[in-house]
Amino acid sequence: MAAKRKRKRYRLTEKGKIAAGVICAAFVLMGTLLFMLSEGYFEHTDPQIVRLVSADATIPIYETSTSETPFTYVTADNAYGADAALISQSRHRYEIMLAGCRGWIKMENAELSEQGYDYPSYYTVDERQNLIHMVSTNLNEPIYMPIVLCTAPSWLKQGEIVYSYDGHYFYRSLDQYLADLNNRQMANSINSIPFYNYYQYLPMHSSTSLSGSQLNGWLNNEKADYAAASVLADAGETFIAAQQESGCNALLIYAVAMNESRFGTSDFAVNRYNLFGYNAVDGNTAAADTYESVYDCLLTYTTAHLNWGFFDALDSRYHGSHLGDKGSGLNVMYASDPYWGEKAAGYAYSVDSYYFSQDYNKYKIMIKTDTGSVNVRKDASTQIAAISQLSSAANVPILVLEEIQGESISGNSLWYKIQVDSVLDENHELHEFNGVFIPYSLSDSIGYVHSQNFIPLLQ
């Protein structure tokens, strides 16, 4: 596994000491940025793995070293993942990479080891050519939570062990990966083009090719131990019906429900028809909502909570309509489990694979790799006012319906006709919530974005 690393402490000579009263300073010693932590002392921490710790239920992650409001959060329960990659530090915070999110946590939320940790998370490929994320739940012992993600890319071989804390760039050497993170580059990765798991980055406003009976068949055959007590056992057609009403992909919603409800057997699912643990917040799960039926739960969830909540460009929780991770997508603000998006995507992959991958690569998906908002317009021209915006987060996907020629920008006239995340009306204008949950229409919610700053999702 990873080579062990030690923290180093340097003391300045009298001549090099900082004058009293200086709160924080930095200087360079042999090319390394060092931060003053106490008078006369600077501490340099080599990039390494840290264990996440907290006396609270969750750990806030901040966008910068001085941000006051968290960008996202993760559970403090190591059963959902114990480690993160440490990149750098400020006076009071560590910069980390975890589940696709590069951000800052308070120093009290990270435990460093003088000798390093022997059992960090890693990825591997099994005998069926599945990409498996082996999430460490105990960095001092070989205890892992395996997540089956997708078909492994061709450049990874069976049995190979590789490392990544972003899920996009993979390394055979953990030390090299950490060094590249520290240097703000991915120059030494195995793959030069970032990898994106199709089901994890498929926008929710799409449709499955699978039938309701096929959804039922997978659960009843592959999860027979759960099926007898599951409220999902014969609910496949209900998911397809909800897809028609809400525009939300029935396979993805089914996968989320399986992940959230223990295949439809959780107490919330059986006694409240609450398939998604909605309002079962950290620290107060008894507040979970109750629904009249599976269909009632599905429509409320997809319409009120997703279409008019997490997928609404005017909502602060909007980071894209895909499952995602802690960097973009539903997972950013929906779940404290850093690998919630991976788990749900893995279930979608398992169901679809059982039926010979009818949905796999069905749609053309492009990825906005950089941070910054992108205007969505009514036509392929900047002369028309924007009707919506894509999330400003990096790694946000769009579902491309058609490639067209439009206004040329920097010599490029290629535009994409896309399925818009937010609810648009029949005039393709953004609906603003007025107390009524207007249904999402796949034919109405159409817009255009220029092709610059997008790359294709490649497997």
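As the structure is a computational prediction, the values presented were derived from the model and not from experiment. One-based numbering along the sequence shown. What you see below is based on every heavy atom in this structure, not just the backbone, and it leaves out hydrogens, waters and symmetry mates.
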For this session: Give a yes or no on whether the backbone of Pro47 and the side-chain of Asn182 come within a donor-acceptor separation of less than 3.5 Å.
Result: no
Exercise. Do you see a donor-acceptor pair shorter than 3.5 Å between the side chains of Ser357 and Tyr349?
Worked result: no
For this session: Measure the OG-NE2 distance between Ser328 and His319 for me, rounded to the nearest 0.5 Å.
Result: 9.0 Å
Exercise. What class does the angle between the rings of His168 and Tyr196 fall in, given that below 30° is parallel, 30 to 60° is tilted and above 60° is perpendicular?
Worked result: tilted
For this session: Give me the one residue out of Tyr254, Phe263, Tyr199 that meets ring-ring contact (aromatic ring centres under 6.0 Å, His included) with Tyr347.
Result: Phe263
Problem set entry | Aromatic ring pairing Tyr301/Phe276, orientation class (parallel under 30°, perpendicular over 60°, tilted between) | parallel
Exercise. Checking Asp56 side chain against Ile59 main chain: does a donor-acceptor pair fall under 3.5 Å?
Worked result: no
Exercise. Any donor and acceptor pair, going by atom type alone, linking the side chain of Tyr360 with main-chain N or O of Tyr198 inside 3.5 Å?
Worked result: no
Exercise. Taking the six-membered ring for Trp, is the centroid-to-centroid distance between Tyr295 and Tyr291 below 6.0 Å?
Worked result: no
For this session: Begin with the C-alpha distance, continue with both residues' side-chain angles, and end with the deciding distance and a verdict on salt bridge (charged side-chain N to carboxylate O under 4.0 Å, His left out) for Arg272 and Asp289.
Result: CA-CA 7 Å; Arg272 308 189 190 198; Asp289 291 346; over 6 Å; no
For this session: Could you tell me whether the side chain of Asn183 and the main chain of Gln185 form a donor-acceptor pair under 3.5 Å?
Result: no
For this session: Indicate yes or no: does Glu127 engage Lys157 in a salt bridge with an N to O separation below 4.0 Å.
Result: no
Exercise. Just by distance, do the side chain of Lys368 and the backbone of Ser391 share a donor-acceptor pair under 3.5 Å?
Worked result: yes
Seminar exercise, completed: Smallest heavy-atom separation, Tyr278 atom then His305 atom, equals CE2-CE1, 3.1 Å
Problem set entry | Six-ring centre of Phe310, Arg317 cation under 6.0 angstrom, axis tolerance 45° | yes
Problem set entry | Sidechain N-carboxylate O distance under 4.0 Å for Lys364, Glu403 | yes
Exercise. Looking at Lys343 and Asp337, does any basic side-chain N land under 4.0 Å from a carboxylate oxygen?
Worked result: yes
Problem set entry | Centroid-centroid distance, Tyr448 to Tyr416, less than 6.0 Å | no
Problem set entry | Distance in Å, Leu275 CG paired with Thr238 OG1, rounded so as to fall on 0.5 Å steps | 10.0 Å
For this session: Determine the interplanar angle of the His205 and Tyr440 rings, folded into 0 to 90°, and report it as parallel if under 30°, tilted if 30 to 60°, perpendicular if over 60°.
Result: parallel
Exercise. What is the ring orientation for His431 with Trp308, classed by angle as parallel under 30°, tilted 30 to 60°, or perpendicular over 60°?
Worked result: tilted
For this session: Mark yes or no for whether Asp352, through its side chain, and Asp359, through its backbone, hold a donor-acceptor pair below 3.5 Å.
Result: yes
Exercise. Parallel under 30°, tilted from 30 to 60°, perpendicular over 60°: which one fits the rings of Trp340 and Tyr334?
Worked result: tilted
Problem set entry | Row check, Tyr73 ring normal vs Lys326 NZ/CZ: under 6.0 Å, within 45° | yes
